[in-house]
Amino acid sequence: MAVVYGNLTRKALVLGLLSAAAVLVVCGAWLAARAYRPAALKGRIAAYLSDQLESDVTLDSLEGQFFPRIALSGGGLVVRDRRRTGVPPLITIRHFEIRASLRALMKLPRHVSEVRTEGLEVNIAPGDDHETQPDRPRGPEVVIDRLEAPDTTLTLIPKRSDKPPKIFTIHHLVMESVGRGHIVPYIAVLTNPVPKGGIEASGALGPWNIASPARTPVTGKYTFVNADLSTIDGLSGMLSSQGTFDGQINRIHVQGATDTPKFQVDAGGQPVPLKTQFTATVDGSNGDTFLDRVDANFLSTELTANGAVVGIRGAPGRRVELDVSIAKGRIEDVLRLAVNSPQPILRGGIRLQARLVIPPEKARVLDKMSVRGAFGLSEARFTDPSVQTKIAGLSRHGQGIGDGEPVGDVVSDLKGRFAVEHAEATFPELTFAVPGAAVDLAGRYGLRSGDLDFHGHLRMQATLSKAAGGGLKSFFLKAVDPFFKKGGSGTVLPIKIGGTRKDPKVGLELFGKDSKK
C-alpha cells in the first residue's frame, strides 16, 4: 500500500506541476497578447522610434495577428526631426508590413525578421556642419533583419532656399541589419534625374547620424546605364559609367569611368566616341559637383580637365566651369566636335589651354558657351587642295623661289589667343608660319556662318622683287624693296582675309585699316 500511495502521490505532484505550468503559459500568453495587441503596440512603436531617432513620431494605423507568428500592417507613419522646422518630414511611410516572432522579440537585441514598405519618402535636410552626434544611453535595441522598400523617394534638400531639391526615385531598395549604430548593407536601383538614366548601387550606409542625417557615412560601387545626355541642353549621346564612392550623404567622393560611343556637342558638331576617367566630389546638399580631375580621350586626342558644375542663385539649371588642357592632340578631332563637315578644314597636332564656361541658359551650347585660351598647331595641313596650293605658293614666294621650283610638302604652324562668345571666335593674336613666310593677324570667325574677317601683316624672307619671281616685274620692284623691309624681314605687307571658311579671300590692304595707322 505504501508503494501504491507513493506512486499516486508522485503522479498527483506531476499533474499539479503540469497544471501550474499550463496556467502560467496561458497567463503569459494573455499578458503577451495584451502587451502586443495592436492598440498597445502602436503606441510602443511610435514611442520607440521617437526615442531612437530623437524625433516626433506619429502612426495612424496598426493591425494584425500575433500567433503563431507576428504579422502586422499599418500606415501613416511620419517622423519629424524636432531639431528642424520648416522642412518636410524626415521619413514618411504610406503603408508597411512587419513579420517577426515573439521569441525573437523577447531576446536582446530584439529582432524583426522583415519589414516591407510602400510609399517610403526620405527627406534629407542639409543640417549644420558643426552638429555632433550625441552620446547618450540607448533603450533596448531593435534590429530589422531585412527591409524592402520599393519605389522609395529620396529628396536632398539644398542649403539655399532658391534652389530646387534633388529628387531620386529608388525603384528597388533592400537593406539588412537595420538598426541604430549599425553599418547597413544595401542594394539600390534608382533613376538619376540629370542626365536621366538608371543607376544600380550596392554598399553600406551608416551608422545613422541622428543629429545630422546628411552627415551619415555611405560607401559603395555603382553602375550607371543608358544615361541620356540630351536631358542636358546642347548635348546628346548615351552614356554609361561605373565606379566607386565614399563619404557622407551630403558630400560624396566618386571615382569612375564613362563611355559615350556617340558623344555630340550641339547640333553643329559630329558625334565622336568619348571615354573618361574621373575623380569628383558631389555636394548632396545642393547637387553641386566638383571635378577634381577628368582624363578624357576621343578619337586620337587626349585632354585633362578640372572644374565644377554648380547651381547659380536665382537661375534654373547649373553652370559648368572647366579648365581644359590638351598637351598632345589632333586639330581635326577638335573640329569634329564643333563643325558638321564631311572633312575638317585642317589636320595636324594641337596644344591648348582654355577656360570653358557654360551658363544655365535655355540655349544651344555653341550659342551660350564662353571660352578663353591659347592654342598652338604644329605640322598643320589644309585638307582643301586649292587652299593647300595657295599655302605652298605663299611659301614659294616667301623664299623667293620661282613658280616652277618644288618646295616640298609644306606644313604650317599656327598659334594664338582666342575667345568664343555667342558662336563667334575672336582672335586678338594669331600667327601663321610656313617656310619663308609668316603672317600675324587679328580678327574673327563665325562658328556657324563660317565668315572670315582678319587683318594683319605678311612677312617674307625674300624681298618684294624676289618674291615676284623674276622678269621685268622684279626689275621695277627693286626700286620699292626698301619701303617694304621692316624688322629684318625682306618684305612686310598689310593683308586681309575675308570670305568664308569654304572660300577664303586673301588680298593686300594697302589702303585699308593698316594704311591708316
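In what follows, residues are counted from 1 in the order of the sequence shown.
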Practice task
Using a 4.5 Å cut-off on heavy atoms from C-beta on, say whether the side chain of P195 contacts that of F224.
Solution key: yes
Problem - Side-chain heavy atoms of M238 within contact of D228, under 4.5 Å - result: yes
Exercise for the section: Return the minimal non-hydrogen interatomic distance between P213 and R84, and the atom names on each side. Expected result: CD-NH1, 4.1 Å
Problem - Test item: R319 and V357 side chains (from C-beta on) under 4.5 Å apart, heavy atoms - result: yes
Handout entry: Side-chain touch I170/L173, heavy atoms, less than 4.5 angstrom
Key = yes
Practice task
Test T216 against Q248 for side-chain contact (heavy atoms from CB on, under 4.5 Å), laying out the working first.
Solution key: CA-CA 5 Å; T216 298; Q248 301 173 347; over 6 Å; no
Practice task
Keeping the roles fixed (side chain from R82, backbone from S55), state whether a donor-acceptor pair exists under 3.5 Å.
Solution key: yes
Exercise for the section: Check the surroundings of atom NZ in K166: do more than 12 heavy atoms from other residues, nucleotides or ligands lie under 6.0 Å from it? Expected result: yes
Problem - Where at least one partner belongs to residues 270-309, residue pairs that pass ring pair (Phe, Tyr, Trp, His ring centres under 6.0 Å), sequence neighbours excluded - result: none
Problem - Worked verdict on T117 versus V115 for side-chain contact (heavy atoms from CB on, under 4.5 Å) - result: CA-CA 7 Å; T117 70; V115 173; 4.2 Å; yes
Problem - Donor-acceptor contact below 3.5 Å, side chain T260 vs main chain K262 - result: no
Problem - Closest contact, heavy atoms only, L53 versus I210 - result: O-CG2, 3.6 Å
Problem - Pairwise distance NZ(K275) to CG(D259) - rounded to 0.5 angstrom - result: 5.0 Å
Problem - From CA spacing to verdict: side chain to side chain donor-acceptor pair (under 3.5 Å), T153, E121 - result: CA-CA 5 Å; T153 300; E121 297 180 4; 5.3 Å; no
Practice task
Answer yes or no: are there more than 12 heavy-atom neighbours, outside E424 itself, under 6.0 Å from its atom CD?
Solution key: yes
Exercise for the section: Answer yes when E321 and R355 have at least one side-chain N-carboxylate O distance shorter than 4.0 Å, and no when they do not. Expected result: yes
Exercise for the section: Applying side-chain contact (heavy atoms from CB on, under 4.5 Å), run through I249 and L205 and close with a yes or a no. Expected result: CA-CA 9 Å; I249 291 176; L205 175 72; 4.2 Å; yes
Practice task
Determine whether the side chains of S370 and E421 contain a donor N or O and an acceptor N or O closer than 3.5 Å.
Solution key: yes
Practice task
Nearest 0.5 Å please: distance from the OG1 atom of T152 over to the CG atom of L120.
Solution key: 4.0 Å
Exercise for the section: With rounding to the nearest 0.5 Å, note down the distance linking CD in E176 to CD in E148. Expected result: 10.0 Å
Problem - side-chain contact (heavy atoms from CB on, under 4.5 Å) partners for V178, two or more places apart - result: I144, L147, M175, V184
Fill in the blank from the handout: Rounded to the nearest 0.5 angstrom, the CG-CZ distance for D283 and R251 is 5.5 Å
Problem - Salt-bridge contact R459-D440 (side-chain N to carboxylate O under 4.0 Å) - result: yes
Completion exercise
In short, L414 meets L430 closest at the heavy-atom pair CD1-CD1, 3.7 Å
Problem - Check: S177/H182 side-chain N/O donor and acceptor closer than 3.5 Å - result: no
Fill in the blank from the handout: So CG of L154 and CD1 of I124: to nearest 0.5 Å the spacing works out to 6.0 Å
Handout entry: Any side-chain heavy-atom pair of V225 and L239 under 4.5 Å
Key = no
Practice task
Could you tell me which non-hydrogen atom of V371 sits nearest to which non-hydrogen atom of A354, and how far apart they are?
Solution key: CG1-CB, 3.9 Å
Practice task
Taking all non-hydrogen atoms of both residues into account, name the closest pair between H253 and T281 and its distance.
Solution key: ND1-OG1, 3.2 Å
Handout entry: Geometric class of the F427/F454 ring pair [parallel <30°, tilted 30-60°, perpendicular >60°]
Key = tilted
Handout entry: Expected output: side-chain R180 to main-chain Q52 donor-acceptor under 3.5 Å
Key = yes
Handout entry: Neighbour count above 12 (heavy atom, 6.0 Å) for R444 CZ
Key = yes
Exercise for the section: Tell me, with the steps shown, if I91 and I93 meet side-chain contact (heavy atoms from CB on, under 4.5 Å). Expected result: CA-CA 7 Å; I91 298 172; I93 302 177; 4.0 Å; yes
Fill in the blank from the handout: dist N123:CG -> T155:OG1 (nearest 0.5 Å) comes out at 4.5 Å
Problem - Residue pairs involving residues 186-200 (criterion side-chain hydrogen bond (donor to acceptor under 3.5 Å, both in side chains); sequence neighbours excluded) - result: H171-T191
Exercise for the section: Please name the pair of heavy atoms, one in T500 and one in L452, separated by the smallest distance, quoted to 0.1 Å. Expected result: O-CD1, 3.4 Å
Practice task
May I ask you to decide if Q353's main-chain N or O and S325's side chain share a donor-acceptor pair within less than 3.5 Å?
Solution key: no
Practice task
Indicate whether any N or O donor in one side chain lies under 3.5 Å from an N or O acceptor in the other, for Y445 and T426.
Solution key: no
Exercise for the section: For the residue pair D333 and T301, confirm or rule out a side-chain donor-acceptor distance under 3.5 Å. Expected result: yes
Exercise for the section: Please examine the side chains of P150 and R116, heavy atoms only from C-beta on, and report whether any two atoms are closer than 4.5 Å. Expected result: yes
Practice task
Could you check whether the rings of F245 and Y222 sit parallel, tilted or perpendicular, using 30° and 60° as the cut-offs?
Solution key: tilted
Exercise for the section: Begin from the C-alpha positions of D413 and K415 and carry the test salt bridge (Lys or Arg N to Asp or Glu O under 4.0 Å) through to its verdict. Expected result: CA-CA 7 Å; D413 289 326; K415 62 182 178 179; over 6 Å; no
Exercise for the section: Could you tell me how the ring of F432 sits relative to the ring of F382: parallel (under 30°), tilted (30 to 60°) or perpendicular (over 60°)? Expected result: perpendicular
Handout entry: Validation row: M369, V420 side chains within 4.5 angstrom (heavy atoms)
Key = yes
Problem - Whether over 12 other heavy atoms sit under 6.0 Å from I167 CD1 - result: yes
Exercise for the section: Would you indicate whether the side-chain heavy atoms of I183 and W208 approach each other to under 4.5 Å? Expected result: no
